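Just follow the structure's listing: the first ligand is 1, and inside any ligand the first atom is 1. Everything numeric here is computed off the predicted structure, so don't read it as measured data.
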Amino acid sequence: MSDKNRIECLYLSQEDLLEAGCLDMRMAMDAAEKAMLGFRSEEILFPDKIVQIFNEATQERINCLPATLLPEKICGVKWVSVFPANPEKHGIQNLSAVVILSEIETGFPVAFMDGTLCSNMRVGAMGGIAAKHFARQDSRSIAFIGSGEQAKMHLIAMKTVVPSLEECRVSAKYDYEEEQFISEMSRIFTDMDFVASGTDGQKAMDGADILVTATSAQAPLLKAAWMKPGAFYSHIGGWEDEYEVAKQCDKIICDDWETVKHRTQTLSRMYKDGMLGDDDIYANLVEVVAGEKPGRASDTERAYFNAVGLAYVDVAIAHAMYQRAKDADKGKRMSIQETMIFQHENLSEYIRI
Ligand SMILES: NC(=O)c1ccc[n+]([C@@H]2O[C@H](COP(=O)([O-])OP(=O)(O)OC[C@H]3O[C@@H](n4cnc5c(N)ncnc54)[C@H](O)[C@@H]3O)[C@@H](O)[C@H]2O)c1
């Protein structure tokens, strides 16, 4: 029997991706930059996402986010679960995802893979690209409110683009979360000093060169007075900072302001409350990547970056990971079908009528 109707794809677990060297923030940033430029040149199809919310109070949801990279002839979808109560309720992670990639010559799938790694790396990569242009390159200290998965990945991204970072201060809702962050991240960055704040946001953030908020809270945790001139702030979660933080910043940069302004994070709230308008936004990140607008212009300006998430970037990073893992011979070939339905010789034995 010819196997031309065989469909198989590469199954890649998170461990396969890690062993293949996919936790590579430079690879993710390169893929993200290429995707942002490709989207502007209409080389990417990016339909609306589909959202299914199961609990309005906790916002537990599963989102389906498709995108097609036309030059690469790859169509992908991220199927992502966001369950904010997971860490406190079950001691497990908030976000988990899988990605399916298909080629668009025949439409057959080529990969079924973990999507949590690429999803979290996308958040870090976008923050990293922003920091490359807007953080002071002599930054020494980085501080976090929120010490979960996004915070950890953000530290990797920031240290990649600003290697001079030598001190990391962290605050979270509970002491044990700060301790876990420090124990996990100090194994990776042995050249950095880590300081737990004892859940005191001010102790962590006040006077830091780079500030990151990555919380599941909906409250103005970061105060404007703690952000010194010259600091760079990456805002990851929902409502996490008082309005004065953005108001005092010299430059506000988004991944896509049109998307950001219709969501629920601080900048979106400010827009809806009439406290922030289109003219207050310095740039979408792609304009800086394309060299149309300059990054930091002085040592004293404060910069505010907010990315709401563009899923075509996730698909682009997942595709880069798939190629690297395939080249490294990682993962398992998984058969989806051996032949077409009616070509199975023993179909008459299987059929139920
Ligand atoms: N912008 C994006 O593209 C993007 C992508 C993924 C996730 N997110 C958001 O990023 C946020 C963090 O995600 P995560 O996966 O790291 O979550 P997580 O559950 O792993 O971590 C959440 C952190 O928030 C802290 N926190 C909660 N309430 C707090 C409070 N009152 N004070 C101080 N700290 C508090 C917790 O201690 C914890 O460290 C979430 O809001 C998530 O929705 C954004």
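Applying the ring-ring contact (aromatic ring centres under 6.0 Å, His included) rule to F181 yields the partners F144; only residues at least two apart in sequence or on another chain are considered.
Ring geometry, Y233 versus H235: the interplanar angle exceeds 60°, so the pair is classed perpendicular (tilted spans 30 to 60°).
Using a cutoff of 4.0 Å between basic side-chain nitrogens and carboxylate oxygens, D206 and R169 are not scored as salt-bridged. Using a cut-off of 4.0 Å between Lys/Arg side-chain N and Asp/Glu carboxylate O, R136 and D138 are scored as salt-bridged.
Under 4.0 Å from any atom of ligand 1, one finds heavy atoms of residues P87, N94, L95, R122, V123, I145, G146, S147, G148, E149, Q150, A172, K173, E177, A214, T215, S216, A217, L221, I236, G237, A307, V308, G309.
Residue pairs meeting the salt bridge (Lys or Arg N to Asp or Glu O under 4.0 Å) criterion with at least one partner in residues 44-63, sequence neighbours excluded, are E60-K89.
Through direct or relayed side-chain contacts under 4.5 Å between Ile, Leu, Val, Met, Phe, Trp and Tyr, I53 connects to V51.
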